[in-house]
2 protein chains.
Amino acid sequence: MRQTRKPPTMADVARVAGVSPMTVSRAFKDGSSVSEATRTAIHQAAEELGYVFDSTASNLRSQRTGFVAVSIPSLNNANFAETVGGLSDTLKDHGLQILLGYTNYDIHAEEQLIEQLLQRRPEAIVVTGGRHTPRARKLLENAAIPVVETWDLPRAPIGHVVGFSNEAAVRAMVEHFVARGLSKIAFIGGDADRDTRGTDRRNGFILAMKAYGLDTGRLIAAGVPPISMREGANAMGRLLEEMPDTEAVICVSDLSAFGALTECQRRGVPVPERISIAGFGDYEIAGISVPSLTTINPHPRQIGERAAGIIIEALGGKTISRQTIAIAPVLQIRGSSV
Amino acid sequence: MRQTRKPPTMADVARVAGVSPMTVSRAFKDGSSVSEATRTAIHQAAEELGYVFDSTASNLRSQRTGFVAVSIPSLNNANFAETVGGLSDTLKDHGLQILLGYTNYDIHAEEQLIEQLLQRRPEAIVVTGGRHTPRARKLLENAAIPVVETWDLPRAPIGHVVGFSNEAAVRAMVEHFVARGLSKIAFIGGDADRDTRGTDRRNGFILAMKAYGLDTGRLIAAGVPPISMREGANAMGRLLEEMPDTEAVICVSDLSAFGALTECQRRGVPVPERISIAGFGDYEIAGISVPSLTTINPHPRQIGERAAGIIIEALGGKTISRQTIAIAPVLQIRGSSV
DNA sequence: TTGAAAGCGCTAACAA
DNA sequence: TTGTTAGCGCTTTCAA
């Protein structure tokens with residue numbers, strides 16, 4: 001038996017099964033009316049030929065790809081991975097597949113990514129955050145598919161939103177510290193505006209401190225976002241040296257908070273007795289480290305699930321109105337704060 | 001100006017620009033011969049109409065999708081994220097885009113995923129590990145595209161391989177401990193055979209211990225893989241209670257090793273004085289925790305980059321022979337071991 | 001339940 | 001440099 005060079009098509013399967021290509025097409029979609037005998041014969045023929053269904057042709061003809069495009073800042077982040085997991089698991093039951101890309105926290109890279117993703121003709125698109133280049137905004141607006149912005153509550157949403165206020169979440173943390181009688185509070189985060197959620201958190205810190213009439217000068221810029229454990233440790237070192245009377249520190253993420261904690265341990269600074277530490281994200285490490293880390297849980301998986309829910313509804317036929325779902329982040333008080 | 005319901009096509013752009021659709025097609029591929037004036041006019045027309053190139057049609061006609069399919073066990077794993085990052089960053093310079101899916105460490109889910117991915121007509125496929133269902137194997141063999149198995153050195157490779165021996169890596173760790181005079185060595189890992197790399201590591205442990213004539217009875221099964229920090233901590237608790245004379249423990253990953261470390265800290269068991277701990281993966285936490293963790297660095301990003309290199313070469317025209325690239329994992333001796 | 005005809009939007013192949 | 005023709009492999013639509 002000579003193997004043909006080109007992979008078999010439905011026409012080949014049809015020939016072997018003795019039916020028309022259209023019947024083969026139907027046999028591969030469940031729910032369409034094909035007699036059981038015919039269906040079995042077709043699948044057998046397909047198996048024999050090693051036929052693999054070709055989505056690219058199906059997609060073009062039916063004008064449906066089954067893709068949902070997703071843009072996240074970084075692959076290597078447990079929180080975003082959870083959101084993608086929630087999206088993917090919910091969408092896959094509806095025959096939708098994630099087309100994933102990442103931006104390295106760069107909105108110009110995001111613009112390029114969005115353009116690339118849209119060329120694949122996704123049926124919906126999920127982006128992280130609410131700040132985009134003007135062209136990226138325009139691309140999303142013109143795409144004529146459901147758009148969901150996540151992890152943020154943008155002032156002027158493009159379409160749907162599933163997120164939370166990073167500012168408000170950090171404000172709640174400041175309030176927690178103030179209520180425990182702490183006032184010399186620092187913030188460790190990345191430089192500048194690359195990570196817009198990080199910037200929002202820092203702004204939330206500054207606004208909350210101002211609201212209490214407290215000094216907002218204890219800001220440690222720890223490098224290019226996303227800052228990680230190492231940068232958190234370095235930043236804590238600088239904080240302890242430059243402002244040794246600091247009573248509490250809020251870190252832009254749990255990873256930097258854990259780094260900060262280890263630096264305290266290395267220097268023999270007791271946590272939380274000498275200084276309280278808080279993170280953001282409720283990563284697994286926050287519940288495991290000794291002491292465990294006070295943090296904020298933004299329910300990343302739920303963000304993905306709710307976004308998927310909106311998409312499924314929107315693709316369900318009836319045009320739905322724009323939705324904004326506010327997720328409520330939960331303050332997790334643990335051993336690293338008094 | 002009335003907006004048409006359907007998105008504009010190349011034909012629409014061609015009409016506005018006063019050229020043929022073919023010229024529009026050329027104007028969107030750089031490298032093809034179109035006069036500068038024509039190209040500018042076409043791009044202007046496209047911008048005006050809000051035209052977005054349609055890959056689905058291009059893919060079908062040219063029989064090239066630009067996809068490289070990638071299957072990993074879990075999204076939420078920094079090591080695999082690194083491999084995907086290495087793949088993605090290397091491939092994107094060659095106009096190739098990752099189509100990513102995950103299996104939750106289940107080879108039956110992998111089979112389904114591979115089938116789905118192949119229907120998208122990727123130009124190459126990268127899978128994690130060398131153990132697959134028979135049908136998955138067959139699908140990969142028949143796909144007539146480059147196949148790369150990673151993170152393992154399969155005995156009977158399907159195509160190319162970029163990986164390392166998990167067994168040998170753990171053997172090296174056992175040798176390290178034995179050389180330091182430790183002999184009561186335990187292994188903490190997940191249950192059974194779900195995570196094949198975890199199983200390989202456990203086997204490597206058992207074989208190495210046997211080679212030294214040491215007791216292989218200190219095996220703690222910590223739950224369904226992938227085990228994480230919490231399970232590592234629980235397992236360490238059991239180990240300390242059931243076999244308190246244990247001198248060293250090798251964990252299937254750094255995450256469980258960190259959990260184990262924290263359990264020791266909670267119980268006041270000094271590490272490494274009373275017990276040495278080692279992990280696997282060289283995650284960031286291994287270098288940051290106090291004490292830092294002895295571990296094995298399998299160079300996950302390099303795995304991705306080398307896999308991408310093979311793919312680029314294989315798609316470059318000349319049919320290349322099967323390659324097996326053995327990555328050399330590096331033992332990182334740190335504070336958690338004597 | 002099954003089939004025939006047409007075409008989704010682009011580009012390979014060839015021609016001018 | 002530009003255009004014409006045909007067709008990638010499916011599925012929509014209509015008919016039997």
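First the proteins, then the strands, lettered A, B, ... as listed; each starts at 1.
- Taking the side chain of A:Arg61 as heavy atoms from C-beta on, and the options C:dG7, D:dT4, C:dG9, the nearest nucleotide is C:dG7.
- Side-chain proximity of A:Val34 to C:dT2, D:dG9, C:dC10: nearest is C:dT2.
- Residue B:Ser35 places at least one side-chain N or O closer than 4.0 Å to OP1 or OP2 of D:dT2.
- Atom-to-atom, CG of A:Asn59 to C1' of C:dG7 comes out at 16 Å; the value is rounded to the nearest Å.
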A:Val127/A:Glu149 under side-chain contact (heavy atoms from CB on, under 4.5 Å): CA gap, chis, key distance, verdict: CA-CA 5 Å; A:Val127 297; A:Glu149 290 169 288; 3.6 Å; yes
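- Nearest nucleotide to the A:Ala57 side chain, out of C:dT11, D:dT13, D:dC10: D:dC10.
- For B:Ser58, counting side-chain heavy atoms from C-beta on, the closest listed nucleotide (C:dT11, D:dT2, C:dC8) is C:dT11.
- A 4.5 Å side-chain heavy-atom check between A:Pro73 and A:Thr128 finds at least one atom pair inside the cut-off.
- For the pair B:Ser62 and C:dT11, the criterion of a side-chain N or O lying under 4.0 Å from OP1 or OP2 is not met.
- Distances shown here put every side-chain N or O of A:Lys6 at or beyond 4.0 Å from the OP1 or OP2 atom of D:dC8.
- For the OP1/OP2 pair of D:dG3 and a distance below 4.0 Å, the side-chain nitrogens and oxygens of B:Ser20 include at least one atom meeting the criterion.
- Residue A:Asp12 contributes atom CG, which lies 9 Å from atom P of D:dG9 at whole-angstrom precision.
- At whole-Å resolution of the value, CE in A:Met22 and C1' in D:dA16 are 15 Å apart.
- Between A:Arg131 and A:Glu110, none of the side-chain N atoms (NZ, or NE/NH1/NH2) sits under 4.0 Å from a carboxylate O, so this pair counts as no salt bridge.
- Whole-Å rounding puts the B:Arg15 CZ to D:dG3 C1' distance at 16 Å.
- When distances are taken from the side chain of B:Thr23 to each of C:dG3, C:dG9, D:dG3, the shortest belongs to D:dG3.
- Checked against C:dT2, D:dG3, D:dC10, the side chain of B:Val19 finds its nearest nucleotide in D:dG3.
- Residue-level contact check: B:Ser33 touches the bases, meaning some heavy atom is under 4.0 Å from a base atom.
- Taking atom CG on A:Leu60 and atom P on D:dG7, their separation rounds to 16 Å, with Å as the unit.
- Among the heavy atoms of the strands lying under 4.0 Å from A:Thr38 are primed sugar atoms or P, OP1, OP2 only; no base atom is included.
- Side-chain atoms of B:Met10 lie closest to C:dT11 of the nucleotides C:dT11, D:dT4, D:dG9.
- Considering A:Ile310, A:Ile145, A:Leu96, A:Leu91 in turn, A:Leu96 is the only one that fulfils the side chain to side chain contact (heavy atoms under 4.5 Å, CB included) rule with A:Leu315.
- The interatomic distance linking B:Asp54 (CG) with C:dG7 (C1') rounds to 14 Å, in whole Å.
- Between B:Glu36 and B:Thr40 the shortest side-chain heavy-atom distance falls below 4.5 Å.
- With rounding to whole Å, A:Arg120 atom CZ is found 15 Å from C:dG9 atom C1'.
- Proximity note for A:Gln63 (side chain, C-beta onward) versus C:dT11, D:dT11, C:dC8: the nearest is C:dC8.
- At a cut-off of 3.5 angstrom, counting only N and O atoms as typed in the model, there is a donor on one side and an acceptor on the other between the side-chain of A:Arg26 and the base of C:dG3.
- Side-chain polar atoms of A:Thr23 and A:Ser20 form a donor-acceptor pair below 3.5 angstrom.
- Proximity note for A:Phe53 (side chain, C-beta onward) versus C:dA13, D:dT11, C:dT2: the nearest is D:dT11.
- Between the P atom of C:dT2 and the CD atom of A:Glu36 lies a distance of 10 Å, rounded to the nearest Å.
- At the heavy-atom level, B:Tyr51 lies under 4.0 Å from the strands shown only through sugar-phosphate atoms.
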